[in-house]
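Working notes for the structure below.
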Amino acid sequence: MSPTVPEKPSLEGLEEKWAARWEAAGTYRFDRSRPRSEVYSIDTPPPTVSGALHAGHVCSYTHTDITARYWRMRGFEVFYPMGWDDNSLNVVRRVSVNYGVTCDPTLPFDAGLEPPGPNAKPRLAVSRPNFVALCEQLTTELEKAYFDLWSSLGLSVDWSHTYTTIGARAQRVSQTGFLDLLDKGAAYTAEAPTVWDVEYKTAVAQAELEDREMAGAYHRIAFHRADGSGDVFIETTRPELIPACVALVAHPDDKRYQPLFGTTVTTPLFGVRVPVKAHPLADPEKGSGIAMICTFGDIADVTWWRELDLPVRGVMGPDGRLVPVPWGEAGWESDDVESARKHYDELAGRNAKQAQKRIVELLAESGELVGEPKPITHPVKFWENGSRPLEIITNRQWFIRNGGRDPELREQLLEHGRQLRWHPDYMRVRYENWVNGLTGDWNISRQLPFGVPIPLWYPIADDGVVGWESPLRPAADALPIDPSVHVPAGYDESQRDQPGGFTGDPNVMDTWATSSLSPEIVGGSLDDPDLFSRVFPYDLRPQAHDIIRTWLFYTVLRSHYLHGSLPWANAAISGFVFDPDRKKLSKSAGNSPDDPTVLLAAHGADAIRYWAAGGRPGADIPLDPNQFKIGRRLAIKILNASRFVLGLGSVDDGIAPSAPVDLALLARLRVTIAEATRAFDEYEYTRALERTESLFWAFCDDYLELVKGRAYQGDASALATLRITLSAVLRLFAPFLSYATEEVWSWWQEGSVHRAPWPAVEELSVAAGADDSVLAVASDILGELRKAKTEARRSMKTPIVRATVFDTAERLAAARLAERDLREAGVVADLIFSESSAFAVDAELEPAAD
RNA sequence: GGGCCGUUAGCUCAGUUGGCAGAGCACCUGCUCGACACGCAGGGGGUCAGAGGUUCAAGUCCUCUACGGCCCACCA
């Protein structure tokens, strides 16, 4: 009957064996002939290919795979691609080190470039196209290691659908998408105050800011009333910005300062006349209750500057050093130009920290610093990739309207968020908080050497003025282009950067401007519209919660503009993995003490998958070797129990279970199937596993023991039930323990368990309405019989001379239906049922031989 | 400052409409019984963070508090 059941089943080698067979058989290949209604599509997150995958990746990608396997078994054709994110600073660093190069967009493409290698110093500057080529080369190499890990973990990805985020296809989608926004008036360029990283010398977006606690100090500083009637004291943590001060501001209701509103004060050291203004944003509780407004110290300054219609006096340069300013002209007026110039000369060229040190000395000398600075720690804004505090400087950038300044758009985006099914549901709140907290449009231009270029040129008039507002566009079929390499129609290369010629946009786009188009990139919206029509809108976006405000929000925004709809129906938000010491998150590579490759080799893929399945959507989980052990034990148990069941023999398909104990088990199986199915439909795979596991252990510990004897004797009902149950249980476990279940399936079934139909209660209609109390009562009695033997320190095969079961009439009736099985399982010679209000079993063991 | 999640056995966690507190691990005691010693059977172990409220009945619903974690914030 089952010649392929091994004598001693083992988990060893299953990963290599089945990963290879699945790939060879195309088990997970997407059948693109199926219509959208029969497809389940996944917008897979592309891991950054800058180093190594960590336990967090393993966990969250397993969640997605479990989900994919479920829907595949439900009969849907699953579109499960993989992406590689090579458009990120991490990759830039890795490429730079690996090949010994840096990216310089001003250089021409060199077709014969030979990178110098890891130890080159200085590193060789190469053109942007060359750098992109090296990036793709490295990605291809790292991809191999990533593929090996994903493959042995058992991800049911269709590897013929992969994408990168800097490759030509992504660049084309990204640039086309940008031009589309331009057409729709959703993208615009403006010269405006910009959140600026002085280390990388680039603008950054609101979504990429983070606070860090920094040491600072309140400096109490005197401003002088212009009418000579005394001083006004402000407190500031940034005295070096006094030369950039354009006004003082206090709350309109603040009686202390109401007399000052509308008057003028002069700044210390610089003698600049600035107005005193009222604005409700000013907090009477903070500092002295009156603040200086500088252009620009923080985001509040920008708000005040805009709403109070103040002038700009910018002092901060792109490199974070104070720039020279023209005192006495161009608006930089002072009551004492000579003094202002003298003081400022002490600051110009210094960075913020150095300038602060010097100006404090100058203020102390002039007597305008009151008392000693009071040390504090306070949150300071950083770019998440940066190491120096952000500044705000004014320059030209490209923006995408994101609802930050448009209540109607904001409401539409909130509505998209309400329609999206979040798993867990409370993650929606993060999205809503973010959308409601947007303070401006999305700045997508970055002054970085590497990235997808903004695909525009600008005409230069004969007088040298650049026409920023009338960009020159490439033809749609020419994309992707690099404006530092390509030339706009009607011009030739000799006119680059010449009066009467053109200049290329020097900037690249925010990486999120490309990755927010992952649905279009991987679905082939431009080059394979047929495919796109079968996968969009996607069923699932799996991702972590830390990038709701970036990847998720931006993808919703882009889809809103491109399609007027949500890009997916469901968003499954995974948690983080904690290190075993429960202190650190293994969020970034290098922080994980356990390499996933080592973990997989040590415990086996099913064990790792089992652990990962314990992490519910949105919940953080610890990296727990104990869970690996339990998962491994479960997988082995499945092998052994299956071997046992299949070795007992088979019956014809036509024979239906009929014994009450058998029907009771099937009744429970029906409940489990219904619960697991409902849980999966709600993306609660953890519950589905827990229900299945619970049934399986009851099956092994109680049912199997009860029917063993009957099955040995060839009882058709028992044999049929065992095989029916095994088939269903293997399929219920298949999304989780993909290797062990496939191995067992191959012993006695055709095809892959992963393409087998998900179990349905309809398969078990023979047990519809069956009473499962027979099994419950029998299990209770069997437990008492075992207990008697255990407490007597006797073996389980010790015969029982006489056992008396006390129980209610109703339960005794159920027990009688299992009498034969109870006698055999308990080795009971004389089984007596006695009615009683309380359950008890009295067992008399055969006397010990000695 | 606003918001979200959590607090149940030594550990990791279930506990879905309110109805006798659960699992696994760890620990203890046994068992080499015709699937499995990578196993099996049994056992001890909890004031469900605290207080108040609703209810015949609260781990579960409401209010407040404490602690932990996370997100957001205009942080002078």
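In this structure, A:Gln206 reaches the B:A73 phosphate: one of its side-chain N or O atoms is under 4.0 Å from OP1 or OP2. Distances shorter than 4.0 Å separate some side-chain N or O of A:Lys708 from OP1 or OP2 on B:A35. When the side-chain nitrogen and oxygen atoms of A:Lys787 are compared with OP1 and OP2 of B:G43, one or more of them lie within a distance under 4.0 Å. Regarding contacts with the backbone of B:A76, a side-chain N or O of A:Tyr218 is found under 4.0 angstrom from either OP1 or OP2.
Taking A:Phe699 as the reference, A:Tyr703 meet the ring pair (Phe, Tyr, Trp, His ring centres under 6.0 Å) condition, with sequence neighbours excluded. Taking A:Asp231 as the reference, A:His224 meet the side chain to side chain donor-acceptor pair (under 3.5 Å) condition, with sequence neighbours excluded.
Between A:Trp434 and A:Gln627, the one whose closest nucleotide on RNA chain B sits nearer the 5' end is A:Gln627.
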Find every protein N or O atom lying less than 3.5 Å from an N or O atom of nucleotides 3-7 of chain B, and list the pairs.
none

What protein N or O atoms touch nucleotides 25-29 of chain B N or O atoms at under 3.5 angstrom, if any, and at what distances?
from	atom 1	to	atom 2	distance (Å)
B:C25	OP1	A:Arg633	NH1	3.4
B:C25	O2'	A:Asn626	OD1	3.1
B:C25	O2'	A:Asn626	ND2	2.6
B:A26	OP1	A:Lys629	NZ	3.3
B:U29	O3'	A:Arg793	NH2	3.3
B:U29	O2'	A:Arg793	NH2	3.0

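Under the side-chain hydrogen bond (donor to acceptor under 3.5 Å, both in side chains) criterion, the residue pairs touching residues 209-223 of chain A are A:Glu210-A:Arg212, A:Asp211-A:Lys381, A:Arg220-A:Glu235, with sequence neighbours excluded.
A donor-acceptor pair is defined here as one N or O able to donate and one able to accept, closer than 3.5 Å; no such pair exists between the side chain of A:Arg405 and the backbone of A:Gly440.
In this structure, A:Tyr431 and A:Trp422 have tilted ring planes: the angle between them lies in the 30° to 60° band.
At the heavy-atom level, A:Cys700 lies under 4.0 Å from base atoms of the strands shown.
Around atom CD of A:Glu810, no more than 12 heavy atoms belonging to other residues, nucleotides or ligands sit under 6.0 Å away.
For B:G34 and B:A41, the P atoms lie 15 Å apart once the distance is rounded to whole Å. Straight-line distance between the C1' atoms of B:G45 and B:C25: roughly 14 Å, to the nearest whole Å.
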Secondary structure of RNA chain B in dot-bracket form (Watson-Crick or G-U wobble, distances below 3.5 Å, | marking inter-strand pairs): ((((((((.[[[[.)...(..]]]].(((((.......))))).....[[[[[..)....]]]]])))))))....

